[in-house]
Structures are given as C-alpha cells and as structure tokens.
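Lettering follows sequence order; numbering is per chain, from 1.
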Amino acid sequence: MTTLNPQQRAAVRYIDGPLLVLAGAGSGKTSVITRKIAWLIEECGYEARHIAAVTFTNKAAREMKERAAQLLKDRSAKGLTVSTFHNLGLNIIRSSASLLGRKSGFSIFDADDSQVLLKELMLRGDDLDPDLLDMVKHQISAWKNELLSPQQVMGQAENAREVAMAHLYERYQQALKTYNAVDFDDLILLPVELFQTHPEVLEKWRRRIRYLLVDEYQDTNLAQYRLVKLLVEPRRRLTVVGDDDQSIYAWRGARPENLVQLQEDFPELQIIKLEQNYRSTARILRSANHLIDHNPHVFSKSLWSELGLGDPIRIIRSPNEEAECERVVNEILDLRLKRRCQFRDFAVLYRGNHQARLLEMKLQAQGVPYQMSGGTSFFARQEIKDLLGYLRLIINPDDDNAFLRIINTPRRQIGPSTLEKVAEYANQREISLLKAIGEFGLQSQLGEQPWDHLQRFKHWFEGIVRQCSGDNPIDAIHRLLDDIDYASWLHQNASSARVAENRMANVLLLVDQLRNSLARMDDDDDNAMESAISKLLLRDLMERQEEESADDKVHLMTLHSAKGLEFPHVFMIGMEEGLLPHRVSIDENNIEEERRLAYVGVTRAQRTLTLTLTASRKQFGETFQTIPSRFIDELPEADIEREGFGESNEETRRTRARESLDALKDLFA
DNA sequence: CATCGTATAGTTTTT
DNA sequence: CTATACGATG
C-alpha cells in the first residue's frame, strides 16, 4: 500500500464536518476517496452500508468499488454503496415508486426514447414547429436539471413560444407517467421531489446514508447538488472531491460554481488542496499548467511532479486527415518497439466520436488491436434497441414506446394505419397499446387481417412473458429470439452476412450479460429481472464487458470519456480550430470549457504526449484549409517540438507529392 | 403494407 | 460525401 502525502492523509482523516478536496489532475483523488472509505469503516466505526460514494460514470464507480474492496480485503465492504448519481437516483425511485406514480418494472427512457416521444407530442400538438425539436428537448432537460416544474416554467414564460414549450414539458412529463417510464433527468429530479414532499422517506435515506462522498464534484448540476444537500443535512458528513479545471459538462447543466456555493451553504467547510501530481512528467505537467493558466480561476493551484523532465510534447501536422491517422498508427507501432511497451499503454483521444471512424480503418489496416469505449455506443445499434424494446415491454406493459419499436420488428404485417387505429382506441380508453390489442372493443375498428395479426402477436407475447416470470427468464429470451427468427431478420436487412452475424453476436452478448447480471443477484430478489434490465438501460453492463475483455489494445475515446483515466502514451488528434475548440463552442464563446477539455486530455498522459493536426480536412465532400488550434500556441514553447509546420522545400515537396498521390487514388477509387 | 428511390440535412461532448 | 427520412410505387 502506498503512503499518503500529508494533504492526502488530512483529507482522509478529517471527518468532523463537510470537506472539499481540491484535487488537481493526477493528484491521487481516487486513492483519497477509497482510503477514506476504509478509514471510516476501520477507524471510525461506520458500517459499510451507511457509507455512499457517488460518481458520474459507471467506469469510475466500478474502479472505485474495486479499489475499496481491495483495501478492505473483501471483509467489510459488503453493503457499501458506490454508484453513479443516476444509479443512486434509480434506487431511491425504486424504493418509493408508487409515491411517484410509477409501478415496479418502470422503463428508463434514453435520449432517443425521449426524442421520439417529444416529437410525437409536438406533431400532435402542432403549436410548436417540429424543427424546434432539438432546441425543445435541450430546454426541457435544462429545466429538469434546474428543478423547474412545468408550472414554474409556465409562470415565468415571457412569450407564446415559451408558453407552448412549458405546455409541452407538462405533457411530456404526463406521458412518461402514463408509459410508466422515467427519463435520465428524472433519475435525479424525482428523488429530489420525493424527498421534498415525503419527509419520512428522506428520513429513511438519511438514516441509511450517514457518510456521503462525491467524486468529480465540479460536474454536479443543481438537481444533483440539491440531492446531495438533502441527503447530508443536518449532520453534514460529507466529503466532495473536485477540480474546477476539469469541469467539462457545463453543457449538461453542470455548475462548477457549486464548488463556491458549497462554501456559502456550509460555512464550516474545510478545504484541502492536493497539488502533487503522481502521474505525469514535468514537461507534460508544465504544458498543462501553462495551458490552463489562460483560464480565469476560482481556486488557484499549481501542480508539481517528481517524475523527471520527460520527453518534449510533439506536435505533428499532416497534410490531411488520412495521413494524420496513418501517422498516429505508425507512431504507435514505432513507440511500441522503441519503448518496449504494449498496445494497452496507448490512448488516442479526440473531440468527437466521428473522428474515430477513420482511425479505426487505419488501425485495422495495420492489424493493430484497439478498443473503443463510449463510442457511438452499443445502445444506438438497431439490434440492441430491438432487444431492449422486447425486454422493456416484458417487464413494463405500459411502455408504448417499446411496443411501437418492436410490434413490427420483424415484420408482422402490422403497419402504420393499423397502429393509428390502435393508438386512437388506446387513447380514448386511456390504456396502453399492449392492453388495447387484447380488447374486443378494438376488433370492430379493424379489418380481419390486422386484427388476426395483432392477436397472434398478443398470444405469443403473453407466452413469453409467462415464461419469463418463471424459473429461467434467459431461456424465455432465447425462445423469443428463436420465435421471431431474429437471425434471419438481421441477415435480410444487413448489407453483408458478416454484418448480420456481428449484429446477432451483439444481441447474444447482451443476453449473456443479462444472464451474468441475474446470476450475481440475490436469489430471493423478486425484481431481479427488473434490476438487471435497469442496469442495462443505465448502460452499465456492456461497458463492464468491454473492460473485462480489454487485453492488449489501444484505447480510443473522446476527451470527455477519458476523464479520470491515465495512459503512458497519449495522442490527441484533430488539434485544429473548429474541432478543438469546437466550432459551436467558438460561436457560443465557450472557449474556456474547450480549454479545460484540452487540459483534461493533456493531463491523461504519463510519459509522452503527441498532438496531431492536419493542414486540410474534408467536410461534406469539400476540402478546407485548417487553422491550428489556439491551444497549441498556449503551450510552453520550450517544451514542445513541432513537425510539419516549417515550409521547407523538402516538406512542401513531400506534401505536394502526397497530395497528388491522394488525388490519383481518388481518381481510381 | 413493404420496398425502393430521391432529397436533404448535417456541424459535440453523456448518464 | 453519407446517413437518414420521407414519399412514391408496386
């Protein structure tokens, strides 16, 4: 076990009141949290089940849980809560679902589900232009994160559009309730509402959670802050760890000012700074400090390290994005040999997920194993959404969204016109679609064929549901896939057999994860299936799978998902104006957050850091000249090494040769 | 009701 | 340029 430095030790041992730990990048904040958990249990007499640690990502939660369990030598870790905000919220909601107008088995709508629902409501309402969908969904989410109810929003609406949006918000919330569903924002919002309206429930949770630790505190939004505050009052046994320089979720409602707010709300707040970095070389750290110095600061800190000077930061400019990706791959292969390190020691970070596509191609071309985390996730895939649709409907017959998703997948000769009538009938009777197709009152509304098709589906589905509530739900799901001949359906729709098989493999993987998840749960849990599916919907399980199979592979991920991680060798690609900082952020004047994003990227690196960019980039078929990111100019000149910038004859010639070669390639392609 | 075609839009991050 | 959405046709 490593020894803690004096600041870390103080942070672990201070338990007399609320504590804010300002932890710079790589300063060992996870150690502080896990060691504090152990300290509370071993030295302060807390039982594990009375301690909760909350983070933002599943990944962080898992790592923390693992490290805590290690420290406690799997003795007393049982009952310890280490989870994401959303997961904690889910558990709170589940324990009092009926008070919130939900029944057990309620669905969790993801961003797509919410969008589908909102669109539907907008089309039906027709007082809002459907083109505003993007704006509206963002607005509603923002309201929820600000804990504003539809009524409150209505009260402060200033024009017709705002009234219409407030109205839509209300209908949206009502629809979720009708569908027995909650969306991601509700996972925080509803617990707060619950606590505010049912003090006895709050009291129960306060007795349960007697010490609360919050990680990445700078990412909390108002709703999350309120939840924390409700839980820790009046005893105020709270430790939060954060770094305002790593706040990169303002767009999601995160408020770094919560760090300051904390001081006002808890005047007795103690603050401890962790400034020693245990991760990066001096050059990397100096670059990071230099970069972030261009931002204003609430709390100033200066990171230092004892790990030696290290290599200069390399900045490589390539003629175009293809060359850029090829170059990165070559650098990885090269470094791997020179430094005798493994593929897993490398990470390539980028601003947007789409940047990974080309990279993937080039990695594949060279046979370099890689792993993309986060990515255009698993859950955006058709096949996964199909299966989740079925699963959701099995545990929640009111989930009309799920019903609509799967009713005609694969084809059951049940089309839009039929569904229109079903929906109308269901609406009038105020029942769910699934229920509606079982009622004879509907029969007269439909032709003979559509009715028969619906009945066949209904009987079949009821059989599946019945089998699912039996001893072996996994068998039931396999039967389901068998019955609908899903493999054939995929083959029919895919461009190639390979793609189809891949998709089927994804589906089976998901089922397998579900089985594992069920096996891990208590046998006496009646709601095991529901819990397991919730886990799926909160996107926990598949990531877990990724990690467990993460052997020796290069890591590919966005700058956002890289937060909290570290790698010996880091590449940041696309260091151009418009990409990082992103165009939208430039337009909206959010340069500071982009800079923090760059800072997060830089501080992931332990040994070497390479930034790459292109001279020109293709966009919508046209080629544009690019401008190097302003952040490059914000690095200390003494610590960087540029390549591809000089306009030496030699390089220009090579570039030209390269370009004409590419042009030729295009010509023949 | 399904399939095929054309038109059009699209710039970012996540639980 | 590509992915998706919508509309026309079979």
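Using a 4.0 Å cut-off between a side-chain N of Lys or Arg and a carboxylate O of Asp or Glu, D243(A) and K29(A) do not qualify as a salt bridge. Contact check on D386(A) versus R503(A) returns no salt bridge, with no Lys/Arg side-chain nitrogen under 4.0 Å from an Asp/Glu carboxylate oxygen.
Within 4.0 Å (heavy atoms only), Y249(A) reaches sugar-phosphate atoms of the nucleic acid but no base atom. Using a 4.0 Å heavy-atom criterion, one finds that D587(A) contacts the bases of the nucleic acid, with or without backbone contacts as well. When heavy atoms are screened at a 4.0 angstrom cut-off, K563(A) is found touching no nucleic acid atom at all.
Residues G578(A) and F56(A) both approach DNA chain B. Their nearest nucleotides, taken by heavy-atom distance, put G578(A) toward the 5′ side. Between D134(A) and G352(A), the residue whose closest nucleotide on DNA chain B is further toward the 5' end is D134(A).
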Protein-proximity profile, nucleotides 1-6 of chain B, B/S/- by nucleotide at the 4.0 Å heavy-atom cutoff, equals SSS---
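Along DNA chain C, the stretch of nucleotides lying under 4.0 Å from any heavy atom of chain A spans, 5' to 3', dC1(C) to dC6(C).
Distance from the side chain of E594(A) is smallest to dT12(B) among dT12(B), dT14(B), dT11(B). Checking dT15(B), dT11(B), dT14(B) against the side-chain heavy atoms of F184(A) singles out dT15(B) as nearest. Checking dT12(B), dT13(B), dT11(B) against every side-chain atom of T558(A), the shortest atom distance belongs to dT13(B). Distances from the side chain of S561(A) to the nucleotides dT15(B), dT12(B), dT14(B) place dT14(B) closest. Closest to the T84(A) side chain, of the nucleotides dT12(B), dT15(B), dT11(B), is dT15(B).
For I627(A), the CD1 atom sits in a loose shell: 12 or fewer heavy atoms of surrounding residues, nucleotides or ligands are nearer than 6.0 Å.
Counting to the nearest Å, the P atom of dT13(B) and the CD1 atom of I248(A) are 12 Å from each other. Rounded to whole Å, the distance from CD1 on I591(A) to P on dT13(B) is 17 Å.
Of the C1' atoms belonging to dA3(C) and dT14(B), the separation is 22 Å, rounded to the nearest Å. Across the P atoms, dT4(C) and dT13(B) are found 15 Å apart, a figure rounded to whole Å.
Under a 3.5 Å cut-off, the side chain of T614(A) and the backbone N or O of S616(A) do form a donor-acceptor pair.
Judged purely by distance below 3.5 Å, without hydrogens or angles, the side chains of Y172(A) and D183(A) pair a donor atom with an acceptor atom.
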